[in-house]
Protein chains: 2
Amino acid sequence: MLEWLKEPEINFPDQLQHAGFEHGVCVGQIQAKAGLTQSTVSEYLSILQRAGFIESKRVGQWTYYKRNEGAFEALSNLIQSNL
Amino acid sequence: MLEWLKEPEINFPDQLQHAGFEHGVCVGQIQAKAGLTQSTVSEYLSILQRAGFIESKRVGQWTYYKRNEGAFEALSNLIQSNL
DNA sequence: CAAATATATCGACTTTTCCCGATATACCAA
DNA sequence: TTGGTATATCGGGAAAAGTCGATATATTTG
């Protein structure tokens, strides 16, 4: 999912017809692509958010998730310096 | 354990009296510091080795493990470029 | 407000991981 | 070769993570 969110236009072309990608990709799109149930994907996304790898933005009835690039940079640096 | 192996002299001073750190630190030393059983530590180390993070060298009845710094560098780069 | 849609949360079940004791293997010393 | 020490492997029980269906919450539309 994290890799998918790197290129929303390529991995979630369906969303383009309804909304842009300013705030990220909505749960339903990710769920469809993942092939897991709605509840599983929702929980998974919330875990990634709590871990800081993605951010969420509620817009109407949709919740959009997008990557927090800083977290990946930080993780990369952490491995390089502390591990 | 991976962090411990960064500075063997500091984290495993006992070993200095018996051997150097050229080949790393032996299982017993790591086990004592970890506070886990011998079997658990042995298995853990073999997993880390299979993953490429450490290398082992058998010397007599001892097996010494040391870090493979390249693996950490590679992981850091992987996160930065692919994730 | 009622129905429809999107997402979140809950409880249970399954799968995986963690960690142990027991035992096997390898090596050394006498 | 026998006994002692160090490490590896095996089998199982406990803990954690993954996944689901059912249900709750939030939002939009009529």
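Letters A, B, ... are given to chains in the order of the sequence lines, protein chains preceding strands, and every chain is numbered from 1.
We find that CD of B/E43 is positioned 14 Å from P of C/dG21, with the value rounded to whole Å. If you measure from atom OH of A/Y64 to atom C1' of C/dT7, you get 12 Å, rounded to the nearest angstrom. The CD-P distance, from A/Q15 to C/dA6, rounds to 12 Å in whole Å.
For B/Y64, the side-chain contact (heavy atoms from CB on, under 4.5 Å) partners two or more places apart in sequence, or in a different chain, are B/Q15, B/A19, B/H23, B/C26, B/V59, B/W62. A search for ring-ring contact (aromatic ring centres under 6.0 Å, His included) contacts involving B/F53 returns B/F72, not counting sequence neighbours. Residues satisfying the side-chain contact (heavy atoms from CB on, under 4.5 Å) test with A/S39, not counting sequence neighbours, are A/T37.
Using a 4.0 Å heavy-atom cutoff across all strands shown, A/S42 reaches at least one base atom of the nucleic acid.
Here the closest non-hydrogen pair linking B/N11 and B/W4 is ND2-O, 3.0 Å. Here the closest heavy-atom approach between residue A/N68 and residue A/G52 is recorded as ND2-O, 3.1 Å. B/K6 and A/L83 make their closest contact through NZ-O, 3.2 Å (heavy atoms, listed as atom of the first residue, atom of the second, distance). Taking both residues in full, the closest heavy atoms of B/Y65 and B/S56 are given as CE2-CB, 3.4 Å, listed atom of the first, atom of the second, then distance.
Formation of a donor-acceptor pair under 3.5 Å by the B/S42 side chain with backbone atoms of B/Q38 is not found in this model.
Running 5' to 3' along DNA chain D, contacts with non-hydrogen atoms of chain B at under 4.0 Å begin and end at D/dG4 to D/dT9.
Contacts between residues 52-62 of chain B and DNA chain D, defined by a heavy-atom separation under 4.0 Å, are made by B/Q61, B/W62. A heavy atom lying under 4.0 Å from DNA chain D marks the following residues of residues 20-38 of chain A, by number: A/L36, A/T37.
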Q: Step by step, work out the side-chain contact (heavy atoms from CB on, under 4.5 Å) result for A/K57 and A/T63.
A: CA-CA 6 Å; A/K57 167 86 176 176; A/T63 305; over 6 Å; no

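With 3.5 Å as the limit, one finds a donor-acceptor pair spanning the side chains of B/Q80 and A/E73.
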